[in-house]
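Okay, structure first, notes after.
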Amino acid sequence: MMSKKMIKIICIIMAALMVLSVFAVCLQVFALEGGAMTYVPATGDNDGDYIIPATIAVVAVLAVGICLVLPKLKKK
């Protein structure tokens with residue numbers, strides 16, 4: 001059985017990887033919009049390409065924050 005400290009470290013590393021994966025996908029989306037998609041007309045275009053990744057990033061940061069703060073609140 002792993003210690004609680006080791007489990008917390010693993011959880012923080014996994015949450016950091018989740019945040020990095022969000023930014024990797026965002027980078028690909030933003031790079032594709034500028035180059036290869038210039039010939040497509042902008043009919044019905046919305047800001048979903050920016051809102052959805054930003055929302056996922058905020059949720060990921062909140063998950064990391066909750067993982068760090070919740071154990072400290074339980075001790076009190």
Side-chain angles (χ1 to χ4, degrees):
M1 188 92 182
M2 290 189 218
S3 67
K4 287 185 178 184
K5 192 172 195 175
M6 186 64 174
I7 292 172
K8 287 180 184 178
I9 291 171
I10 292 171
C11 289
I12 291 170
I13 291 172
M14 290 179 68
L17 288 173
M18 182 174 61
V19 171
L20 284 174
S21 68
V22 168
F23 290 121
V25 171
C26 290
L27 181 65
Q28 291 176 1
V29 168
F30 298 146
L32 182 63
E33 269 190 23
M37 299 295 288
T38 56
Y39 62 92
V40 177
T43 56
D45 192 23
N46 59 12
D47 291 332
D49 292 341
Y50 299 103
I51 293 172
I52 293 172
T55 305
I56 293 171
V58 168
V59 170
V61 170
L62 285 175
V64 171
I66 290 171
C67 287
L68 293 175
V69 172
L70 194 61
K72 291 181 182 179
L73 292 176
K74 283 188 176 181
K75 286 185 180 179
K76 293 182 180 180

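Keep in mind that the numbers below use all heavy atoms, side chains included, and drop hydrogens, waters and symmetry copies. The model shown is predicted, which means the values in this text are computed figures rather than measured ones.
Rounded to the nearest 0.5 Å, atoms SG (Cys67) and CG (Leu62) are 11.0 Å apart. The CE atom of Met6 sits 11.0 Å away from the SG atom of Cys11 when rounded to the nearest 0.5 Å.
Val22 pairs in a side-chain contact (heavy atoms from CB on, under 4.5 Å) with only one of the listed residues (Ile56, Val58, Val59), which is Ile56.
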Starting from the C-alpha separation in whole Å, work towards a yes-or-no answer on side-chain contact (heavy atoms from CB on, under 4.5 Å) for Ile12 and Val64. CA-CA 7 Å; Ile12 291 170; Val64 171; 5.5 Å; no
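Under the side-chain contact (heavy atoms from CB on, under 4.5 Å) criterion, Met14 pairs with Ile10, sequence neighbours left out.
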